[in-house]
Amino acid sequence: MKYTTKLGGVEREFVIERHGDALQARCGDKTFALDLRLVGDGSAFSLLVDGRSYDVVADIGREEVALQMLGQRFVVHVEDERERAAHAVAGNKVGGKQELRAAMPGIVIDVKVAVGDAVEEGKTLVVLEAMKMQNPLAAEAPGKVTRILCKKGEAVAAGALLLEME
Amino acid sequence: MKYTTKLGGVEREFVIERHGDALQARCGDKTFALDLRLVGDGSAFSLLVDGRSYDVVADIGREEVALQMLGQRFVVHVEDERERAAHAVAGNKVGGKQELRAAMPGIVIDVKVAVGDAVEEGKTLVVLEAMKMQNPLAAEAPGKVTRILCKKGEAVAAGALLLEME
Amino acid sequence: MPMFRRILIANRGEIALRVIRTAQEMGIETVAVYSDADRAALHVRRATHAVHLGGSKPSESYLDIGKIVAAAKRTGCDALHPGYGFLSENEDLAQACKDAGIEFLGPPPHAITVMGDKVEARKAAAKAGVPLVPGLQEDVDAARLVAAAKQVGYPVMLKAAAGGGGKGIRIVREEKQLVEAFELARAEARSSFGDERIYLEKFVTRPRHVEIQVMADKHGNVVHYGERECSVQRRHQKLVEESPCVALTPELRAQMGKAACDLARSVGYVGAGTVEFLWSEGRFYFMEMNTRLQVEHPVTEMRYGVDLVREQIRVGAGEKLSPVPEPRGHAIEVRVNAEDPDKFFPSLGTLTRINLPGGPGVRLDSAMYRGMEVTPYYDSMLAKLVVHGADRDQAIARCARALRELRIVGVVTSLPVALATLRAPAFAAGDYDTSILESIDRKPTAQHEELAMLAAAAARFLGAERAGAAVESAGAARASAPRWAMVGRADRLRRTGP
Amino acid sequence: MPMFRRILIANRGEIALRVIRTAQEMGIETVAVYSDADRAALHVRRATHAVHLGGSKPSESYLDIGKIVAAAKRTGCDALHPGYGFLSENEDLAQACKDAGIEFLGPPPHAITVMGDKVEARKAAAKAGVPLVPGLQEDVDAARLVAAAKQVGYPVMLKAAAGGGGKGIRIVREEKQLVEAFELARAEARSSFGDERIYLEKFVTRPRHVEIQVMADKHGNVVHYGERECSVQRRHQKLVEESPCVALTPELRAQMGKAACDLARSVGYVGAGTVEFLWSEGRFYFMEMNTRLQVEHPVTEMRYGVDLVREQIRVGAGEKLSPVPEPRGHAIEVRVNAEDPDKFFPSLGTLTRINLPGGPGVRLDSAMYRGMEVTPYYDSMLAKLVVHGADRDQAIARCARALRELRIVGVVTSLPVALATLRAPAFAAGDYDTSILESIDRKPTAQHEELAMLAAAAARFLGAERAGAAVESAGAARASAPRWAMVGRADRLRRTGP
């Protein structure tokens, strides 16, 4: 199976194949001998790459795999070849909608923008208080605010839609 | 629900009832206010008895509940009133058959009895080697050896029937 | 006075558990209190008794003095430990305990009151001969400012009395800018805070946060257990603490220890307390005194082989202080918070996997357990990892090793920030100040990123193989597939559409 | 000689992990080796490299010198750590390493050979002036026996040279029984072992097992780190170890330390070793020397603040011994085995839940993880819990506290035996010998049994309520019911029928 992975602006394609007990991964002209083994209940695995050992904890989402390994946390975007083909067909639209949702229950301390505002990437849109801390929620990409669905002082539930941008 | 519990030769009956959020247990003329809460995945629970706190890990079998609490391990025989009624009907036979099974894979080092031997409680029947240690398997009750299904030097699987007594 | 029979712990989380552990070792019973959210919390399960207080909001439970004191009376407690946070520095609780005949395991109410007021605390420190950041606080006018600034030396800071958290601060580098800056600052303070009071302080360059652990008994004895260096902070929250502080000379350490003890003695202190100082260019200045056990007290315990909670309980019961052992080696503590390591944004969820570190020189203080929900009601600290080594290099290497062993799944944690700090050359050299976190590069190497991409592809491959196997073996799949297939958390602003 | 670049660890389980931890802290890479059963073991996951050896039987993997040395060569290792057990006291491995130019992190082959042979070891000890249990070993006949017995004093023991594990031992209390007993013992030995050699030893009353930890470098320096008391044993397996030993006076400790160092020096020892003594009535006698790191080495590490594996690696690389720090407080280790606490019968299964202890003064060395299978291939030790306290009472209380925090589900463990030992009056008083486990009462109180019965009924009630809820909410049930309803283990002879 071929996997397209993206991390920090870099994209790599890996072809992983099983030959009996052994696994092989190819990336360009490099080849790796893999040995993979699930540990316990399956959110962790032991990965040997050419005899080097990595203790990996993985949280596998639909599009993203969040990994704990090497003392770091990586969120890698992964598509297998079928998903990639499906996306290629659906793609080619320009722009896109951004939704700002509350990741946790909290209180809206401030709304920093108004409908119609053009905002830069990183601009704080809403300030949410949760766990004794004020958390600025920022735009992930530039765009224009199209809807605001919360107001200052309001208590919001986890997952609540706070704001939309285009 | 009424539960009959047995431990170390002592038998106690507990009637446990729910009144809304509160639970009440009765044992003879004693009454206890209970507060029970499962912890995480459910093999552990927090038990408050009249405000006293117990951290309990439980392994619930069909007839026995193995508990870790108070720094000890208890294996309590529990029947609810339906099970007790069913057993009462099936019961009243005299004697019983004892089976000696290998609790783990191992090698039979010695068979200490022969068919027809009358043995006391605690008499070593078979010596099984596993985990670098020799483990004497003893009779749990007095009886007479009726069948021997293993022999010295033989490797046996976990659960294998080694010997029967009556 | 005999030892206590039963202590109520007016707190939750790891600090409640910390107190329970020592009480248990001393043969003293404990009463845990809990909110709705904490019914199954570890401090409830490990205490000998537990009392429900009320709703999950702190105001309905852990901050309700009336409920807490009533619980202590009802359960026959003869002492109360306030932990840190919540009501630990509340003189009303201390007073209510006193009135109820329950020993409050902290200082007398008066000491809490004095140290809780910045102006009073400064006055007490000055009276006890503790160095303060030089400046001008009272009767401020332009002429007196110019004179004071000349005396302390430029640069100086103008601060709004009503400011805080970095707001209302202005740095002045030359005398000719001072008067104009003062007028501007005053106008700004008036409009921002409705309070135009301004004061002047020497600008402290490259400050380090260094604090002294003190302990006092009821017989007039006050001792200290050396210092803790707590300069690794983000948003004024400490993240990594160590002892000893590489910047202190033995002379300075002795001076700071004496100053801290003098201050404690001057307010009739009893129990554990911490005097916080700013260190800059070889000098130290009083910041404030925390009249309770600190989060980072285990750093001191590891170095001195002492149990500070035990000492708190002992002096509360009227016993005399134990002798202070000789310190040994080097200790480091790392706080592990449930928060995004990039934005320090709290992360909520259920802990589905916890791998704890172990081996030589490693201590973990935590009330987390598998299945625990991280809720928005309380602070985000999940665990404190504390290590001890024969020297600083070994302690740093050990801390990094243990941090790599610690895995928490279900929320995002600050672990990578701590590891990056330990790896940072400035930290390794010991040459850092309170701004260190701003300058640390946490970008993974290209090689590590490639490995992560390979691992992610491998994880997907394994997942797909297992999904295939699951169809063949429904039994095996039921046990493991749901967890494996669990969709990742979405803590971020998601993009929808293509 | 420069520090090593990469160490192969010829072992598994917690000791392999122990070595990996220190190597990682020293910046040295590690190569784990593993059998089929250990592919997902923690030592494999935490090492920087891993090499598969073969089948799960030790003879196919961890005992195969050829495979191990080949793996070390292939992976470019410049050192090899043997751990304990397996090949750790095998002179052939030490020699094979030497021949391959790989540093064996243990003594030279000659020292292993001498100490591995009981007769040679006794001779070496005698030559080094180390006290032996008095008796008669050579040229034994009736007349010489009578003379020897008179000299050492009754009672005496007659032992078959080919015996072992308590077999072939006969106690003689009076001279008039001696010759007859000798003839009987000789006949018995001939028929039982095919070897009629008998020797005589003084009967050592109420013996304690006390051992000295030594360390030697390649420059002729030998030091010791005091003693460990290891008398709490079942089937000659240690269960609880502590340091210091309450029975030793400072003078005796110094004598034993010197004797141990002298013996090590006399055989050209290098690295970590332990000299085991019997202590009885204020005297000590040489038992044997273990030419490797002991299971219980963390007891010493906790008291001395030293990393013995680090010292092993350092002296292996040709460095000089570090100075021995002053010992502090009291340390206790408890081994937690997967075994029935009544019959010491091994217990196999999958670990479904692990709650680890924490807080002050607690160290855990373990390679267990949730989901791990306990197999019959290797020994049954799951974890070592080590605690440190300011004094013995605190250490005992702390150890009991930590043992209560430790929960393991999936196998039956020896935890209750350890807790009962800590509670036993003889242990608390320090007045015990190697027979202590036989006399400890482990029967729970009637009150605890009643509570357990109530808890069992409550567990059933909760299970039934959840099963009811599961029908209503299939989703919730799928996540939790299988584990909850898991059938208990059946380790015992079951009765079938009514």
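Lettering follows sequence order; numbering is per chain, from 1. Note: hydrogens, waters and symmetry copies are ignored here, and every other heavy atom, side chains too, is used.
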Taking the side chain as everything from C-beta on, heavy atoms only, tell me whether H448(C) gets closer than 4.5 Å to F74(A). yes
Heavy-atom cut-off 4.5 Å, strictly under: side chain, backbone, both or neither for A66(A) against chain C? neither
Would you mind reporting whether E83(A) and R460(C) have side-chain heavy atoms less than 4.5 Å apart? yes
Locate the shortest heavy-atom distance separating Q68(A) from V409(C); write the atom from each residue and the value. NE2-CG2, 3.9 Å
Minimal heavy-atom distance between L47(A) and A455(C), with the atoms involved, is CD2-CB, 3.9 Å
Check A456(C) against L67(A) and note the closest heavy-atom contact, atom names and distance. N-CD1, 3.8 Å
Quick check for you: to the nearest 0.5 Å, what is the distance between R404(C) atom CZ and M69(A) atom CE? 10.0 Å
State, yes or no, whether a side-chain contact exists between F345(C) and L137(A) at a heavy-atom distance under 4.5 Å. yes
Which heavy atom of A459(C) sits nearest to which heavy atom of V65(A), and what is that distance? CB-CG1, 4.3 Å
For chain A, which of L419(C), L451(C), V417(C) has the most heavy-atom pairs under 4.5 Å? L451(C)
Given heavy-atom pairs under 4.5 angstrom as the criterion, report whether the side chain, backbone, both or neither of R52(A) touches chain C. neither
Taking V49(A), T4(A), L23(A) one by one, which has the highest count of heavy-atom pairs under 4.5 Å against chain C? L23(A)
State whether the side chain of R407(C) and the backbone N or O of D55(A) hold a donor-acceptor pair below 3.5 Å, judged by distance alone. yes
Within a strict 4.5 Å, meaning less than it, do heavy atoms of the R442(C) and Q72(A) side chains meet? no
Interface residues of residues 6-16 of chain A facing chain C - heavy atom cut-off under 4.5 Å: K6(A), L7(A), V10(A), R12(A), F14(A), I16(A)
Between L34(A) and L454(C), is there a side-chain heavy-atom distance shorter than 4.5 Å? yes
Could you check K30(A) against E450(C) for side-chain contact (heavy atoms from CB on, under 4.5 Å), going step by step and ending with a plain yes or no? CA-CA 12 Å; K30(A) 283 187 279 188; E450(C) 300 241 337; 4.0 Å; yes
Between V76(A) and A452(C), which heavy-atom pair has the shortest distance, and what is it? CG2-O, 3.9 Å
Contact part of L70(A) toward chain C, heavy-atom cut-off under 4.5 Å: side chain, backbone, both or neither? both
Backbone N or O of P416(C) within a donor-acceptor pair of the R73(A) side chain at under 3.5 Å? no
Is there a side-chain contact between F461(C) and D80(A), using heavy atoms and a 4.5 Å cut-off? no
